[in-house]
Amino acid sequence: MSKRKIVIIGNGISGITCARNIRKNDEQADILVISGETKYFYSRTALMYIYMGHMKFEHTKPYEDWFWEKNRIDLLQAWIELVDFQQKKLICHNGDTIHYDHLILATGSKPAILDWPGKQLNGVQGLYSYQDLELMAEKTKGIKSAVVVGGGLIGIEMAEMLASRKIHVTFIVRESNFWDNVLPKEEAMLINKHIREHGIDLRLSTELDEILDDGKGNVKAIRTKNGDTVSCEFVGITIGVIPNIDFLRDTDLELGKGILVDTYFRTNLANVYAIGDCAEFRDSIGENRKKIEQVWYTGRMHGESLAHNLSSARVMPYQPGVWFNSAKFFDIEYQTYGNVPPQIEEDSETFYWEDKSGKVAIRFNYLKHSECFQGVNAFGWRLRHEFFDRAISEKWTIDRVIGQLDKSSFNPEFYKPYHRLVLDAYNKTRGKAVKFRKTSFFHKLIGSRA
């Protein structure tokens, strides 16, 4: 394989996964990974634990520093200010020039911030990068009160971070329930209650109107659209993230909300690719999947898929398979597989079960007429990925899923088993007589499917 220079801008999960997998298959290529954020790859999902004192930055690095030299992956900490696609060169913030043969854009996201009055004040920020974390640590040192704006996963992480330092948190969510653009009402209300039980002042159906100045350029309060004023010393903006592509505007690269790519991650320019949070698929990549995938798991798959195509004679389109995601709401773990919309669709039914503790719940979504299983939400209950991936891919009926639910749990032995309670409730609610199947799921999983 001829020697070529592959330059990757971005050292998040997409860019690093791509670099590692190219190297596995191509011993000759020169690989350079550039990031202005940090020199070394780290786990972005662990940022909150640094702030909370559970980890140090070095604990978040999956690889020792010597790993990169050993695998001949060069690292450069620099911000890229300009890309000259015609000349195939990058211009760094210090004026240095870097040439490439193949360019992979894995530039990630940045916090979305609306044009609120006062958004420029000291103490107003989002949370995405390591620099954001350092700024948050500085701006919240010794403060007593903070406001978090936005009811998504970053918002609840920030609320937990601030609460861990005994800072009073007012959590402003414009929706009727927390994350109810994703979660059905029962699950959203379960999380509402859980947030409040952790001492967070959760204010639903509330929107930020402006951020107030103390006269010295610092935050002193916020005002909501219903006229309430909340005193605070810090405002965390967590209304979502957007692709980090500003430096690519006014170039020949075709952009939408992100960098437009096909299912091979090719842009409109030869030998230029985009993966991860910054990539936007031109066409649909599957039922119920978004054109911009801003999830850790999908970022990893983007990197694996592109690396295969850049280092293999047989290229293949991105085939993400069954949607899945996971998160934590304070100490309640959440998993989702397949399609579980926030509102029941016309051709679907759902079965929802919640433990009397209010800390464990599960919802199954299935088609009304065929009873074909479509997806599951689980709270406080660890599920086996391979079980639900297979159940959805093979179009099991809901009865079959419930009948093998005892095989689906990934909870350690000392966790309370809930599958019997769910089975009994399902049978009672639906007038069924489903029983647990004796056939070993895992025997069938690893055996022939013929």
Side-chain angles (χ1 to χ4, degrees), residues 4-16 18-19 31-38 44 75-117 119-120 124-132 135 237 239-285 290-294 298-299 302-303 306 309-310 318:
R4 55 200 172 146
K5 184 167 186 178
I6 300 173
V7 175
I8 302 172
I9 303 178
N11 71 346
I13 186 63
S14 300
I16 291 299
C18 192
I31 303 173
L32 171 64
V33 180
I34 304 171
S35 171
E37 182 182 1
T38 58
R44 191 173 304 282
L75 306 178
L76 174 65
Q77 187 168 4
W79 296 107
I80 301 301
E81 293 195 345
L82 180 67
V83 181
D84 185 338
F85 292 108
Q86 296 295 325
Q87 299 297 319
K88 290 191 173 184
K89 66 181 181 180
L90 314 174
I91 311 300
C92 297
H93 67 289
N94 61 3
D96 289 349
T97 298
I98 298 167
H99 290 271
Y100 66 85
D101 296 316
H102 296 265
L103 178 64
I104 300 170
L105 299 165
T107 56
S109 296
K110 64 179 183 177
I113 298 180
L114 300 181
D115 196 23
W116 293 294
K119 69 176 185 178
Q120 78 289 347
V124 181
Q125 66 166 93
L127 178 61
Y128 180 83
S129 67
Y130 183 66
Q131 284 78 10
D132 291 336
L135 182 63
I237 305 297
I239 60 172
V241 294
I242 56 176
N244 183 25
I245 58 172
D246 287 348
F247 74 106
L248 298 168
R249 300 192 187 280
D250 301 319
T251 69
D252 294 333
L253 192 66
E254 289 186 359
L255 306 176
K257 292 181 179 179
I259 302 166
L260 294 173
V261 297
D262 62 13
T263 54
Y264 299 88
F265 300 99
R266 299 176 299 204
T267 69
N268 64 304
L269 302 178
N271 299 322
V272 179
Y273 310 85
I275 52 177
D277 287 16
C278 67
E280 178 183 358
F281 292 100
R282 294 178 183 273
D283 301 308
S284 173
I285 56 169
K290 297 179 179 179
K291 291 187 176 182
I292 299 179
E293 298 187 315
Q294 294 169 319
T298 55
H302 287 195
L306 179 58
N309 288 344
L310 289 178
Y318 175 56

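Contact check for Asp132 versus Pro111: side-chain heavy atoms found under the 4.5 Å cut-off. Gln294 is listed as a side-chain neighbour of Val241, based on a closest heavy-atom distance under 4.5 Å. A heavy-atom distance below 4.5 Å is not found between the side chains of Thr263 and Asp283. In this structure, Cys92 and Thr97 have side chains that are not in contact, with every pair of non-hydrogen atoms separated by 4.5 Å or more. Between Asp96 and Ile98 the shortest side-chain heavy-atom distance does not fall below 4.5 Å. Annotation: side chain of Arg44 is in contact with side chain of Tyr128 (closest heavy-atom distance under 4.5 Å). Residues Ile237 and Gln125 have side chains not in contact (no heavy-atom distance under 4.5 Å, counting atoms from C-beta outward). Looking at Arg282 and Asn268, their side chains come closer than 4.5 Å, going by heavy atoms from C-beta outward.
Taking CG of Leu105 as the start and CD1 of Ile259 as the end, the distance is 4.5 Å to the nearest 0.5 Å. Atom CD1 of Ile80 sits about 11.5 Å away from atom OG1 of Thr107, to the nearest 0.5 Å. Residue Gln86 holds its CD atom at 10.5 Å from NZ of Lys88, rounded to the nearest 0.5 Å. Distance CG/Leu90 to CZ/Phe247: 8.5 Å, rounded to 0.5 Å.
For Asn94, the CG atom counts as densely surrounded, since its 6.0 Å shell holds more than 12 non-hydrogen atoms of other residues, nucleotides or ligands.
Relative ring orientation between Phe281 and His302 is described as perpendicular, the plane-to-plane angle rising above 60° on a 0-90° scale split at 30° and 60°. The aromatic rings of Tyr273 and His102 lie parallel to each other, with less than 30° between the two planes, well short of the 60° mark.
Checked for salt-bridge contact, Asp246 and Lys110 meet the test: a charged N lies under 4.0 Å from a carboxylate O. Taking a cutoff of 4.0 Å between a charged side-chain nitrogen and a carboxylate oxygen, Lys119 and Asp115 qualify as a salt bridge.
No donor-acceptor distance shorter than 3.5 angstrom exists from the side chain of Ser14 to the backbone of Gly303, with no hydrogens or angles considered. With hydrogens and angles ignored, the 3.5 Å screen pairs a side-chain donor or acceptor of Gln131 with a backbone N or O of Glu37.
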Go through it in stages, so that I can follow the logic: the residues are Ile6 and Ile104, the test is side-chain contact (heavy atoms from CB on, under 4.5 Å), and I'd like the CA-CA distance, side-chain angles, deciding distance and then a yes or no.
CA-CA 8 Å; Ile6 300 173; Ile104 300 170; 3.8 Å; yes

Chi angles and distances behind the side-chain contact (heavy atoms from CB on, under 4.5 Å) call for Asn11, Thr38:
CA-CA 8 Å; Asn11 71 346; Thr38 58; 3.4 Å; yes

Between Glu254 and Thr267, is the side-chain contact (heavy atoms from CB on, under 4.5 Å) condition met? List the steps.
CA-CA 7 Å; Glu254 289 186 359; Thr267 69; over 6 Å; no

Let me see the working for Leu76 and Val33 under side-chain contact (heavy atoms from CB on, under 4.5 Å), right down to the final yes or no.
CA-CA 6 Å; Leu76 174 65; Val33 180; over 6 Å; no

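Close placement of the Tyr318 and Phe265 rings is indicated, their centers lying within 6.0 Å of each other.
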